[in-house]
Amino acid sequence: MSAVEHETHDAQYDEVVRYYDLAKRAEWQVRELPWTDLPPIPELKGSPQRQARRRDVWRSVITQQLQADEFAVEMAAQLFALAPHREAKLYYTTMVQDEARHTEAWIKLIAEAGGDAERDPYLDKLAKMQLEADTLEEKVFQMQVFFERLIIPKFRLIARASRGTVLEDLCNRLAVDDGIHHGSGMAYERVLLANATKKTKDKLIKAGNRLLPVFVQHELWRPRERAWIGSAMRAADIARLRQELENGIRMAQSLGLDVSDIELPALAA
Ligand SMILES: [Fe+2]
Ligand SMILES: [Fe+2]
């Protein structure tokens, strides 16, 4: 190691650098998906009405993921622009590329599945709040607690319901990518918070409290196309959401934050 490198080397960021290397190795291309070998979404069966209804469900599932990944490109680009540390900046170059590639794949898949469905208005609102958050500490925290970790179990669920399709293949790849995004985000947030003032940390909890009710609305929202499934699954959705909120609190705690001021919204079944 040269003298210059030695002087600027800060072991705090080793973990972030490790994720940078990992992200580069995990990179894939949209053309590698099985576009010509597998159907885009599960085969539709039954009467024409039933087939149309099932197709709308898949269109809706894909639309929500496309919407989320379009925002993820903006969020990652913002993190890249704002992060003052060169290790984090390098890492975020890979995240911008990942999110762009995810968006590209969803755009191609939604076209093959029959076109866009209804957008989730609460995701629009949540993303606006994330993009307008005041500090880098808030943005990195919210990205992990409200967006990236939560999406991983959802990809697993979608993959399980769409065996033998391009959709399944894509979800499996995205679960890996977002695992890296989440790991690196937590590693960077740990460094940021180790150097943050109590005021910054208190503000972060307050911002989280503002996001929570919108997050709950987003998680429980069901588009027209899936309303008929939504009502039957509401109790299960609420139980899952409760668990997610508890996970979020554990995550905040593991970052050394004082979670006693977190205000959990009431969840009515
Ligand atoms: Fe993504
Ligand atoms: Fe991501």
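Whatever order the structure lists ligands and atoms in, that order sets their numbers, starting from 1.
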* Asked: Crowded around Lys125 NZ? As in, over 12 foreign heavy atoms under 6.0 Å?
  ->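 No, because the 6.0 Å sphere around NZ of Lys125 holds 12 heavy atoms or fewer from other groups.
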* In this structure, are over 12 heavy atoms from other groups packed under 6.0 Å from Arg163 atom CZ? ->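 Yes.
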* Asked: What N/O/S atom of Asp69 is the closest to the Fe ion (ligand 1)?
  ->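 Looking at Asp69, the N, O or S atom with the least distance to the Fe ion (ligand 1) is OD1.
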* Any idea which N/O/S atom from His102 gets closest to the Fe ion (ligand 1)? ->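 For His102, the N, O or S atom at the smallest distance from the Fe ion (ligand 1) is ND1.
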* Rounded to 10 degrees, the angle OE1 of Glu148 makes with OD1 of Asp178 at the Fe ion (ligand 2) ->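 OE1 of Glu148, the Fe ion (ligand 2) and OD1 of Asp178 span an angle of about 80°.
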* Asked: For the residue pair Tyr19 and Tyr91, is the inter-centroid distance of their aromatic rings smaller than 6.0 Å?
  ->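 No; Tyr91 has its ring centre 6.0 Å or more from that of Tyr19.
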* Asked: Quick check: does His181 have an N/O/S atom under 2.8 Å of the Fe ion (ligand 2)?
  ->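 His181 does place an N, O or S atom closer than 2.8 Å to the Fe ion (ligand 2).
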* Would Glu99 count as a contact for the Fe ion (ligand 2), in the sense that one of its N, O or S atoms lies under 2.8 Å from it? ->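 Short answer: yes, at least one N, O or S atom is under the cut-off.
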* Report the distance from atom CD1 of Ile151 to atom CD of Gln64, rounding to the nearest 0.5 Å. =>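 Going from the CD1 atom of Ile151 to the CD atom of Gln64 covers 10.0 Å.
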* Asked: With a cut-off of under 6.0 Å to the ring centre and 45° to the axis, is Lys24 in cation-pi contact with Tyr20?
  ->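 That pair qualifies as a cation-pi contact.
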